[in-house]
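These numbers were taken from a predicted model, which means no experiment stands behind them.
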Amino acid sequence: MVEKKVQCPKCGKILTSSGNPGDVVRITCPSCGTEGKVTFKKTVSTKDAAIEVFNLRKVYGDLVAVNNISFSVKKGEVFAFLGPNGAGKTTTVEMIESIRVPAGGQIKILGKDIKTSFDDIKDKIGILPQEFHSFERLTVRETLAYFSSLYEKRASIDGIIDAMDLKDEEKKLYKDLSGGLKQRVGVAISLVNDPDIIFLDEPTTGLDPKARREVWEVIAGLRNRGKTVFLTTHYMEEAEYLADHIAIIHKGDIIAEGSLEELINRHGEGSIFRIKDCKSKGTVDVLLNRGFKAYREGNGDIAVRIDFKERVLDILSILKHECIEYGTIDIRRSNLEEIFLKLTGAKLSEGAS
Amino acid sequence: MNTKFIVHDLFSGLKQWLRSKGTVFWTLMFPILLILIFGAIFSGVGDVEIPIVVQNLDVDDETGFTEGFIDNLSHVSALDIKTLKKGEDVDEYMKDEDISGALIIPEGFGKNLRDYINPAYPFNESDLPFNLTFIADPTDQSSVSILRSIIVGIIYESNLQITGGEKVIGVEEESSLGEEFEYIDFFVPGIIGLTIMTSMVYGSIERNTKYRKDGILRKLLTMPVTRAEWILSKMLFMLVLSFISTFVILIVGVLAWGLTVKIGIFFFVLIISTSFLFSGMGMIIGRFVKEEETADMAGGAITFPMMFLAGTFFPLDQMPEFLQAVAQVLPLYYVNEGLRNAMIYANLDKTLYFSAFVIVFAVVFFIIGVLLTKWKED
């Protein structure tokens with residue numbers, strides 16, 4: 001827990017707020033009632049940071065698309081930028097990629113400010129833009145050779161084809177590939193210069209579940225090869241499956257940040273131990289007397305909130321010793337969708353507005 | 001300068017172009033078909049007889065020369081002679097019967113010839129040559145060009161018989177085209193201009209709208225290639241394409257219609273300038289109309305009327321005066337006229353004049369196009 005002093009932008013009063021690194025804490029000025037948020041940045045030493053973003057801001061007319069956000073991405077991790085459509089993910093990643101010009105803030109990639117040194121960084125990054133579509137009438141191998149010819153430092157095209165499992169498709173024209181394969185080729189293109197950092201902007205949007213899984217395996221493979229991956233997505237399962245670190249963005253603000261475990265521990269409701277078809281009366285009372293947060297749900301199931309996995313054994317032991325009859329049990333922990341709902345009041349899959 | 005990329009881009013572009021049957025068709029086959037179809041329509045291929053009105057105003061001739069000349073005409077198998085009596089309206093007859101040419105033999109024609117040949121009669125040198133009048137329908141250049149060449153041939157032969165070659169008999173004509181050229185000579189440079197215009201405008205539009213939509217421009221922004229290198233490599237590809245289509249059109253023109261072309265430095269200057277000119281125009285369109293389909297429509301809205309108004313298919317002087325004035329502001333008009341003067345008429349003064357306009361247009365359009373084209377997003 002750290003403390004942070006902030007100044008009220010309206011009355012100027014100095015306020016103190018406390019939170020853990022990665023937290024975004026709401027604060028209300030006791031003098032004037034102004035509401036605001038205090039972000040507790042998760043600090044990554046510059047030496048370990050692949051990407052550092054400080055107070056990044058983008059404005060379109062009256063719309064604040066990205067609102068003074070700050071975060072760091074560690075070398076070698078998969079960093080998921082999770083948020084619904086229109087939350088500011090692509091605007092942010094495209095500012096980091098130097099495609100859009102920020103209204104304010106600073107971005108460093110591998111310690112270099114992109115405003116002044118982006119040309120030096122180009123060799124070290126690979127990107128897959130959102131809805132990327134390559135040249136229709138080049139084969140997979142020709143496509144890779146084309147983009148490879150731009151770089152001085154080149155990865156072996158055969159190596160990329162093998163790693164991306166594209167051997168059977170290397171002679172096919174891009175236009176003849178399925179959606180999943182096209183995205184795989186898109187990822188493959190981003191590897192032609194053997195980059196340190198790979199930006200993948202919504203790489204699985206529009207793909208069927210099978211194709212999405214295939215792309216996930218490719219991304220997981222990148223991490224295994226030591227690459228840093230900056231992934232934007234609005235699929236919470238994608239972030240849960242792939243990410244070492246997740247930043248949740250909503251209406252231009254980062255509302256939570258951390259590993260999946262940290263986010264669940266900090267913002268989740270723990271896990272729910274659910275007892276179905278319980279025939280013994282008084283079970284809820286038994287559990288309450290033993291210090292558990294138990295309650296009966298609308299459908300008659302008994303739900304027990306558990307904070308530590310060790311408590312599962314305690315519940316099972318109580319059920320056995322008290323001769324409680326029941327049908328089945330299941331344990332489900334909080335997920336990102338629930339966390340997003342809790343933090344914003346909206347569903348992740350429903351969009352930002 | 002990343003020359004490896006530029007060369008790679010050129011060959012990748014050609015590969016993709018060849019693999020797109022539709023693009024190859026519109027770039028090569030379409031102009032070829034135009035040449036073949038228009039050439040066939042306007043050049044009057046086949047063994048047909050072309051009707052011609054012959055009106056003899058020299059009906060009182062007693063020398064036999066006029067009669068002999070008309071007799072010579074009637075022996076030409078390609079002519080279907082319709083005789084019109086003195087006093088009848090030639091223009092009206094031509095219009096009613098849909099005949100494209102008429103030859104008027106003036107009064108005193110036979111007597112003049114006799115006077116010239118027979119020293120016993122007085123003769124004034126300043127009366128030479130004795131001119132026939134050839135009335136041509138400017139809307140039917142194909143028949144007119146054949147009639148003209150036949151009449152010129154008969155007159156040449158007659159002069160040869162009478163004087164051994166001195167020009168005694170001549171012909172007067174108000175013609176929109178140079179006397180020694182045929183419609184196909186006029187048409188082929190127009191098709192070259194048209195083909196370069198469409199492939200450059202649409203090529204540029206594709207690069208600036210489709211590549212933007214597909215994320216290729218965004219990707220290039222993050223790669224070690226400058227905008228100058230990219231534009232240079234694309235222009236190189238487009239120039240190669242321009243020359244391929246130009247030479248294919250020329251080869252078809254030469255093989256199918258016996259076209260005679262003069263290829264000099266200005267021919268190349270014009271092809272290169274034209275390519276830059278219309279690439280610039282495409283970039284400007286692509287900058288303001290970002291949706292791919294809308295940009296294609298905008299390209300069509302600009303190139304299609306220009307195709308008809310800039311003297312591609314018909315000589316400008318056959319169009320109403322206000323449309324002729326419109327043509328003066330259309331870049332394609334200067335391209336067409338420049339190419340005609342450079343490769344067909346071999347008129348250096350006019351070539352320089354029109355080339356200067358094309359070069360200025362090219363510089364202005366290309367620079368504006370490059371300045372307006374941006375890769376970065378808002």
Between [X] and [Y], what is the shortest heavy-atom contact and its length?
X: B:Gln16; Y: A:Glu136; answer: OE1-N, 4.4 Å
X: A:Pro129; Y: B:Gly215; answer: CG-O, 3.6 Å
X: A:Tyr151; Y: B:Pro224; answer: CE2-CD, 3.1 Å
X: B:Leu221; Y: A:Lys122; answer: O-CE, 3.3 Å

Compare all side-chain heavy atoms of B:Lys219 with those of A:Ile189 and state whether any distance is below 4.5 angstrom. yes
With a 4.5 angstrom heavy-atom cut-off, which part of [X] approaches chain B: side chain, backbone, both or neither?
X: A:Asp123; value: side chain
X: A:Glu152; value: neither
X: A:Leu173; value: side chain
X: A:Ser134; value: backbone
X: A:Tyr60; value: side chain

Return yes when atom [atom1] of [X] has more than 12 non-hydrogen atoms of other residues, nucleotides or ligands closer than 6.0 Å, and no otherwise.
X: A:Lys153; atom1: NZ; value: yes
X: B:Phe268; atom1: CZ; value: yes
X: A:Leu63; atom1: CG; value: yes
X: B:Phe247; atom1: CZ; value: yes

Among A:Ile99, A:Ile96, A:Ile121, which one satisfies side chain to side chain contact (heavy atoms under 4.5 Å, CB included) with B:Thr222? A:Ile99
Hey, could you give me the [atom1]/[atom2] distance between [X] and [Y], rounded to the nearest 0.5 Å?
X: B:Ser20; Y: A:Lys175; atom1: OG; atom2: NZ; answer: 9.0 Å
X: B:Arg19; Y: A:Leu138; atom1: CZ; atom2: CG; answer: 6.5 Å
X: A:Leu150; Y: B:Glu229; atom1: CG; atom2: CD; answer: 8.5 Å
X: A:Glu142; Y: B:His8; atom1: CD; atom2: NE2; answer: 8.0 Å

Test ring-ring contact (aromatic ring centres under 6.0 Å, His included) applied to A:Tyr146 and B:Phe5, step by step: CA-CA 8 Å; A:Tyr146 176 86; B:Phe5 168 70; 5.5 Å; yes
Less than 4.5 Å to any heavy atom of chain A: does that hold for the side chain of B:Tyr211, its backbone, both, or neither? side chain
Just give me the residue among B:Ile216, B:Val225, B:Leu18 that pairs up with chain A most often, heavy atom to heavy atom, under 4.5 Å. B:Ile216
Look at B:Arg218 together with A:Glu131 and state whether they make a salt bridge at an N to O cut-off of under 4.0 Å. no
